[in-house]
2 protein chains.
Amino acid sequence: MVDILDYKILEILQENNLIPQRDIGDAIGLSAPAVQRRIKKMRESGIIEKDVSIINRDMLGNTITIIVEVFLDSEKLEHILTIKNEFSVVAEIQQCYYVTGESDFFLVMVVSSMKEYEELSKKLFIDNSNIKRFRTIVSMGIDKTSLKIPLSNKLG
Amino acid sequence: MVDILDYKILEILQENNLIPQRDIGDAIGLSAPAVQRRIKKMRESGIIEKDVSIINRDMLGNTITIIVEVFLDSEKLEHILTIKNEFSVVAEIQQCYYVTGESDFFLVMVVSSMKEYEELSKKLFIDNSNIKRFRTIVSMGIDKTSLKIPLSNKLG
DNA sequence: AATGAAATGAGAGCGCG
DNA sequence: CGCGCTCTCATTTCATT
């Protein structure tokens with residue numbers, strides 16, 4: 001399905017997707033059209049999900065990152081789906097992880113002020129009868145944020 | 001610095017950065033060269049950090065997401081810097097949040113097997129004298145993963 | 001089936017008014 | 001800021017292995 005050359009292409013693209021295909025070809029020993037075809041296939045198959053610009057949130061005032069550990073009142077499936085749907089439409093919720101163990105969800109949220117978070121948490125958590133309690137963890141800084149997939153072990 | 005039109009451009013680009021500038025212009029009522037000039041400025045100023053492909057990790061076998069809560073032995077600054085540097089080179093650590101409160105770090109890791117995580121956690125946490133203890137939270141599924149910055153409240 | 005070379009076409013990057 | 005040009009690059013065609 002995907003061979004080593006594809007992995008090498010992905011490794012490059014998840015760092016920079018505006019690089020000319022000719023340069024990719026030079027880097028991995030392939031012609032530009034060959035690279036083009038491989039990329040096209042991977043887009044069609046969904047291996048490459050999308051192509052986006054990464055924006056510096058600090059420069060736009062969205063400087064506060066908050067991790068929220070959410071404890072549900074019961075783990076009935078309907079509640080989980082309901083809550084997922086509620087979370088899915090909230091732009092400030094960047095990431096939503098469904099976990100098992102003590103808690104049920106981990107969220108990563110981005111807000112521009114604590115006031116904004118207080119209002120959001122009231123609406124999302126306090127006023128939500130399905131949620132038993134929640135734990136707010138304010139991040140003091142982020143050292144690493146990338147959705148890059150580790151591929152180095154696949155490059156042969 | 002950045003006006004409403006810039007926000008609209010960013011809103012589009014963080015969803016799709018391969019869309020022609022002409023289409024962006026049509027969407028926001030601007031000519032393609034005007035869009036291009038704005039994008040160029042935002043790239044130079046760093047508001048647009050980078051442009052990347054988003055890869056579907058599930059299709060590549062990196063199916064396990066693990067959240068790790070790390071408790072340091074002491075909060076001396078040197079230790080924090082040391083640990084940051086250790087984490088920064090580990091490809092499987094996708095995200096590293098420095099927090100205050102009970103714990104000191106939250107990590108989001110991506111691995112292809114629990115065996116891989118066990119080996120990594122031994123090397124990174126157990127054999128690390130600066131780390132007092134760590135809590136492993138295995139994610140059963142991700143509903144939302146995007147690094148998109150909430151801009152909707154700035155679009156007027 | 002996948003490749004590379006050459007040809008085509010779309011779009012980015014300029015100067016101009 | 002918009003218009004029009006140029007030139008790079010993406011994409012297609014085609015022959016080859």
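None of the values given here were measured: they were computed from a predicted structure. Within every chain, numbering begins at 1; the chains are lettered A, B, ... in the order of the sequence lines, protein sequences first and strands thereafter.
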Answer yes or no: is there a side-chain heavy-atom contact under 4.5 Å between [X] and [Y]?
| X | Y | answer |
| --- | --- | --- |
| A:Thr65 | A:Val108 | yes |
| A:Arg38 | A:Leu30 | yes |
| B:Glu92 | B:Val110 | no |

A:Ile39 and side chain to side chain contact (heavy atoms under 4.5 Å, CB included): which partner among A:Ile48, A:Asp6, A:Asp51?
-> A:Ile48
Check: B:Val90 main-chain N/O paired with A:Lys144 side-chain donor or acceptor under 3.5 Å =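 Yes, A:Lys144 side chain to B:Val90 backbone: donor-acceptor pair under 3.5 Å.
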Distance check needed: [N] [atom2] versus [X] [atom1], whole Å only.
| X | N | atom1 | atom2 | result |
| --- | --- | --- | --- | --- |
| A:Asp26 | C:dG4 | CG | C1' | 13 Å |
| B:Leu13 | C:dA12 | CG | P | 11 Å |
| B:Ile9 | C:dA12 | CD1 | P | 13 Å |
| A:Arg43 | D:dA10 | CZ | P | 10 Å |
| A:Ile24 | D:dT11 | CD1 | P | 11 Å |
| A:Gln21 | C:dT3 | CD | C1' | 15 Å |
| B:Arg22 | C:dA12 | CZ | P | 8 Å |
| A:Asn17 | D:dA10 | CG | P | 11 Å |

Looking at [N], I'd like to know if its phosphate oxygens (OP1 or OP2) sit under 4.0 Å from a side-chain N or O belonging to [X].
| X | N | result |
| --- | --- | --- |
| B:Arg38 | D:dC1 | yes |
| B:Lys40 | C:dA12 | no |
| A:Gln36 | D:dA10 | no |

Which nucleotide in the set D:dC9, C:dG11, D:dC1 lies at the smallest distance from any side-chain heavy atom of B:Ala34?
-> D:dC1
Might you list the N or O atoms of the protein lying below 3.5 Å from N or O atoms in nucleotides 13-17 of chain D, with each pair's distance?
none

With respect to A:Phe105, which candidate in A:Phe71, A:Phe125, A:Tyr98 satisfies the ring-ring contact (aromatic ring centres under 6.0 Å, His included) definition?
->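 Filter result, single survivor: A:Tyr98.
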Salt bridge flag under 4.0 Å for residues B:Glu119 and B:Lys123 | no
